[in-house]
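Contents: one structure, followed by commentary.
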2 protein chains.
Amino acid sequence: MNEIQKTKVDPRVLRTRQLLKNALIELLEEMEPDKITVNRIAERATINRVTFYLHYRDIQDMMEKMAEEMVLEIEKAMTKTVEEKKTGGDDVILLGLLEHIAANAKFYKVIIGSRGVPIFHERLRDIFVKKINDGVTKHILAEKGIQQDVAVWFGSAAMLGTIASWVRNDMPYSPQFLARQFALLFRREDLYETD
Amino acid sequence: MNEIQKTKVDPRVLRTRQLLKNALIELLEEMEPDKITVNRIAERATINRVTFYLHYRDIQDMMEKMAEEMVLEIEKAMTKTVEEKKTGGDDVILLGLLEHIAANAKFYKVIIGSRGVPIFHERLRDIFVKKINDGVTKHILAEKGIQQDVAVWFGSAAMLGTIASWVRNDMPYSPQFLARQFALLFRREDLYETD
DNA sequence: GACTTTTTTTACAACGTGTCGGATAATCAA
DNA sequence: TTGATTATCCGACACGTTGTAAAAAAAGTC
């Protein structure tokens, strides 16, 4: 989960922000979110408390920015896999996502695993809603008497929640295997394009 | 979401706790959870701040106790409907749940709707996991090559998330209609007993 | 009405927050 | 390398929150 930079940025701010983010992740592993203070974050990051405020308005602002970065990373991971394996299709996109999550297991276990931080959940849900909204086959829905928005709620929640449980349980299945499970679970519905 | 009492309890504590709970719900409607303080809760409840600590250790403790009460209410609502309509089956249990949520819309919109409070999400998820674990048809899962735990993750997350979205969007469908949608979405899988 | 329990009042120390101004150190540009 | 720029650190401040204490006042119980 590294900083994305095109324009040259003072390496000091990169270092500071990275230290702060690492500190926050560490603290989220160790204690409930409401016990985390700017004091503790700064202390853990070996950064002066005042410096925190030079980068973030408060802890929530920091989390929002981190969630935004996460979204960018995920979208990159999903398109990247499509380019590598030219097959295309949602199965590949899903696999890219799962592999990305597995590669950043520590981060994702903390922010959607254990208790989770709502803001990250929301952003992830947004991603799934968008993806599924595109991939839903409307005529079959209508035929079966299923409302599109309900189907999207259902599918995105199932996806997010299953991945969260997978992460929470320390990923007992490989990304490949889980992607296959999704295909089996979703394809049975004929409502979502999974391959 | 009223207090459940068998042994007689001083009406003052009932009144105080009800005022505190109402105040918390109100504040959750108005501001982000991290802006809510014991000060504000007590002020809104027209209760002295010190009195808060006579009932709860802190805000998180208060939320945990409220979540526990919610679980009891939900289980009551689910069994109650089964008794009324003698048909039995998970469809009726689900309908009882949805009607209960609709009847307490204000409460549920706040705690699982808007941004939501993790502790309530967890408890609800526990309920669904338990229900679905009982109702899952294992032989069909094995036949289809689907892991049982994955199916349970999937089903419970879909259920919880769909209901959350339904509440978030001010319940655009009746409980009956949504229960039917669930039946359509789940029955297509032949994995879950929905009727 | 006497007794018990709850709530209130006032007070306290410890901590967290957000923001100063000025000193120090690191980076950049020439 | 030097000088200018920018980031970080340091000490300090006012203010709000937390959790607890002891004693008085109020409400409920029998």
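Just so we're on the same page: letters track the sequence lines, and every chain starts at 1. Hydrogens, waters and symmetry mates play no part in the numbers below; they use all other heavy atoms, side chains included.
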request  = Send over the distance from B:Ile47 CD1 to C:dT8 C1', rounded to a whole Å.
outcome  = 10 Å
key: Protein-nucleotide distance (B:Glu43, atom CD; C:dT8, atom P), rounded to Å   = 14 Å
message = So that I can tick it off, tell me whether A:Glu75 and A:Lys130 are bridged by a salt bridge, with the cut-off set at under 4.0 angstrom between side-chain N and carboxylate O.
response = yes
5' precedence on DNA chain C between A:Arg12 and A:Arg57 (nearest-nucleotide basis) = A:Arg57
key: Phosphate contact (C:dT7 OP1 or OP2) by B:His55 side-chain N/O below 4.0 Å   = yes
inquiry  = Could you check whether B:Glu30 pairs with B:Arg40 (Lys NZ or Arg NE/NH1/NH2 to Asp/Glu carboxylate O, under 4.0 Å)?
reply    = no
ask   = Heavy atoms under 4.0 Å, any strand shown: does B:Thr37 hit a base, just sugar-phosphate, or nothing?
value = sugar-phosphate
remark   = Between CG of A:Asp61 and C1' of C:dG18 the distance, given in whole Å, is 13 Å
request  = Select base, sugar-phosphate, or nothing to describe what B:Val50 touches, counting heavy atoms under 4.0 Å on all strands.
outcome  = base
query = Under 4.0 Å between a side-chain N/O of A:Tyr53 and OP1 or OP2 of C:dG18, yes or no?
reply = yes
Result block: side-chain N/O donor-acceptor pairs under 3.5 angstrom for residues 158-169 of chain A, not counting sequence neighbours:
| unit_1 | atom_1 | unit_2 | atom_2 | d |
| --- | --- | --- | --- | --- |
| A:Thr162 | OG1 | A:Ala158 | O | 2.5 |
| A:Ser165 | OG | A:Gly161 | O | 3.3 |
| A:Trp166 | NE1 | A:Tyr173 | O | 2.9 |
| A:Arg168 | NH1 | A:Gly113 | O | 3.0 |

request  = Measure from CG on A:Asp10 to P on C:dA25 and round the result to the nearest Å.
outcome  = 17 Å
ask   = Please give, in whole Å, the distance from C:dA11 P to B:Arg49 CZ?
value = 14 Å
ask   = Who pairs with A:Asp58 by side chain to side chain donor-acceptor pair (under 3.5 Å), at least two apart in sequence or on another chain?
value = none
request  = Please work out if B:Leu54 contacts a base, only the sugar-phosphate, or nothing of the nucleic acid, heavy-atom cut-off 4.0 Å.
outcome  = base
ask   = When rounded to the nearest 0.5 angstrom, what is the spacing between CD1 in A:Ile41 and CD in A:Glu43?
value = 11.5 Å
message = Please report the distance, rounded to the nearest Å, between CZ in B:Phe52 and P in C:dT6.
response = 17 Å
inquiry  = Please verify the inter-ring angle class for B:Phe186 with B:Phe182; under 30° counts as parallel, over 60° as perpendicular, anything in between as tilted.
reply    = parallel
Closest-nucleotide ordering on DNA chain C, the 5'-leading residue of B:Thr16 and B:Lys35 = B:Thr16
remark   = DNA chain D: first to last nucleotide in contact with chain A (atom under 4.0 angstrom from a heavy atom), 5' to 3', is D:dT6 to D:dA12
ask   = Any donor-acceptor pair under 3.5 Å joining the side chain of A:Arg40 to the base of C:dG16?
value = no
task = Please work out if B:Asn48 contacts a base, only the sugar-phosphate, or nothing of the nucleic acid, heavy-atom cut-off 4.0 Å.
result = base
Straight-line distance of A:Met63 CE to B:Asp34 CG, nearest 0.5 Å = 9.0 Å
